[in-house]
Amino acid sequence: MFLSDKRALVTGSTSGIGLAVARALAAEGAEVVLSGFGEPAEIESLCREMGARHVAADLTSAAGVEGLMDGAGPIDILVNNAGMQHVAPVEDFPPEKWDAILALNLSAAFHAARLAVPHMKAQGWGRIISTASAHSLAASPFKSAYVAAKHGLAGLTKVLALELAEHGVTANCISPGYVWTPLVENQIPDTMATRGMTREQVVNDVLLAKQPTKKFVQPEEVAALAVFLCREEAQNINGANYSIDGGWTAE
Ligand code: NAD
């Protein structure tokens with residue numbers, strides 16, 4: 001229980017990867033603050049399970065992130081994980097989807113970091129971990145906003161790493177390939193339409209085709225790396241972008 005004196009905020013932790021990260025940090029004793037949308041009864045049950053608190057906020061605006069950070073209190077471990085996807089050719093990409101994806105997948109991480117950093121610096125310890133993506137390193141067609149936001153998140157992480165290096169605070173990205181979560185499942189219908197494929201073709205010829213292992217990444221694999229990055233042995237891992245993508249970006 002090496003995190004028993006730490007408070008961790010995981011954005012987008014009512015589902016998928018963020019939920020697995022929250023569970024893994026709670027299992028190491030961290031006081032976890034959950035964030036994200038969902039059925040109130042389900043969120044309450046997650047809070048009970050982890051001894052966590054949930055702070056409701058829409059993170060597509062600076063004010064939403066400010067409300068989250070106010071409700072959460074001083075944070076020792078910040079996990080920027082909330083994200084969304086939209087799949088469409090660039091000429092048909094709805095500008096409001098572009099704005100929302102940039103706001104949630106990139107700007108929310110900036111706002112959360114700028115608000116979390118003063119406490120981390122003052123105490124001389126902190127961890128900022130961002131769930132980026134294989135799409136922070138490589139592109140796929142029809143994902144203009146997502147790829148732009150994730151490349152931006154990887155860049156922001158490098159800046160945070162340099163600015164905070166002498167304050168005991170590290171900033172790193174974890175970049176999964178395809179993880180079977182609602183975010184991936186929900187993009188299948190649009191991908192079917194955009195590429196004229198069946199569901200099975202999308203899974204095998206678009207998603208798993210990217211991953212040499214031919215396996216989806218498990219949320220718990222991302223969570224295990226996030227926990228490791230919180231350890232003292234990881235104090236010199238700073239500004240890194242760790243791929244967990246079955247070899248996708250090795251090509
Ligand atoms: P998910 O859809 O299961 O979870 C997304 C979370 O974000 C949920 O808790 C949701 O409530 C929250 N969220 C959505 N919109 C929000 C908003 N406006 N304000 C606040 N919270 C909001 O998705 P996931 O697959 O677990 O994705 C988590 C992160 O991992 C995202 O940043 C995603 O880009 C990244 N990622 C996912 C995959 C994948 O294959 N699933 C791969 C690489 C990176």
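Note that these values count all heavy atoms, side chains included, but never hydrogens, waters or copies made by symmetry. Start at 1 and go down the list; that is how both ligands and their atoms are numbered.
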(request) Assess Ala103 for proximity to ligand 1: is some non-hydrogen atom of it under 4.0 Å away? (result) no
(request) Examine Trp125 together with His119 and report whether their ring centres are nearer than 6.0 Å. (result) no
(request) Return yes or no for this condition: an N or O of Gly36 is under 3.5 Å from an N or O of ligand 1. (result) no
(message) Suppose I only count heavy atoms of Gly16 and a 4.0 Å limit; which atoms of ligand 1 are within that range?
(response) 3 (O), 26 (O)
(message) Geometry only, no angles: is Tyr178 polar-contacting ligand 1 at N/O separations under 3.5 Å?
(response) no
(message) Are His86 and Phe93, when compared by the centres of their aromatic rings, separated by less than 6.0 Å?
(response) yes
(message) For the 3.5 Å polar cut-off, considering only N or O atoms, please tell me whether Asp58 and ligand 1 meet it.
(response) yes
(request) Answer with yes or no whether Gln85 contacts ligand 1, where contact means a heavy atom under 4.0 Å from a ligand atom. (result) no
(message) Counting only heavy atoms closer than 4.0 Å, does ligand 1 sit against the backbone of Thr181, its side chain, both, or neither?
(response) side chain
(request) Determine whether any heavy atom of Ala100 lies closer than 4.0 Å to an atom of ligand 1. (result) no
(request) Examine the proximity of ligand 1 to Ala108 and report which part, side chain or backbone, both or neither, has a heavy atom under 4.0 Å away. (result) neither
(message) When you measure from the centre of the six-membered ring of Phe2, is the NZ or CZ of Arg231 closer than 6.0 Å and no more than 45° off the axis?
(response) yes
(request) Using non-hydrogen atoms of the residue, decide whether Trp180 is closer than 4.0 angstrom to ligand 1. (result) no
(message) Against ligand 1, does Pro219 come closer than 4.0 Å with any heavy atom?
(response) no
(message) Show, in sequence, the C-alpha distance, side-chain angles and deciding distance for Asn241 and Ser175, and conclude whether the side-chain hydrogen bond (donor to acceptor under 3.5 Å, both in side chains) test is met.
(response) CA-CA 7 Å; Asn241 187 353; Ser175 283; 2.6 Å; yes
(request) Ignoring angles and geometry beyond distance, decide whether Pro176 reaches within less than 3.5 Å of ligand 1 through its nitrogen or oxygen atoms. (result) no
(request) Return yes or no for this condition: an N or O of Val184 is under 3.5 Å from an N or O of ligand 1. (result) no
(request) Would you check the N or O atoms of Ser35, main chain and side chain alike, for any that come under 3.5 Å of an N or O of ligand 1? (result) no
(message) For atom 41 (N) of ligand 1, tell me which residue out of Val179, Val65, Leu106, Ile17 has the closest non-hydrogen atom.
(response) Val179
(request) Using heavy-atom distances, let me know which of Gly83, Ser133, Ala82 sits nearest atom 5 (C) of ligand 1. (result) Gly83
(request) Select the closest option to atom 32 (O) of ligand 1 among Asp245, Asn81, Asn105, judged by heavy-atom distance. (result) Asn81
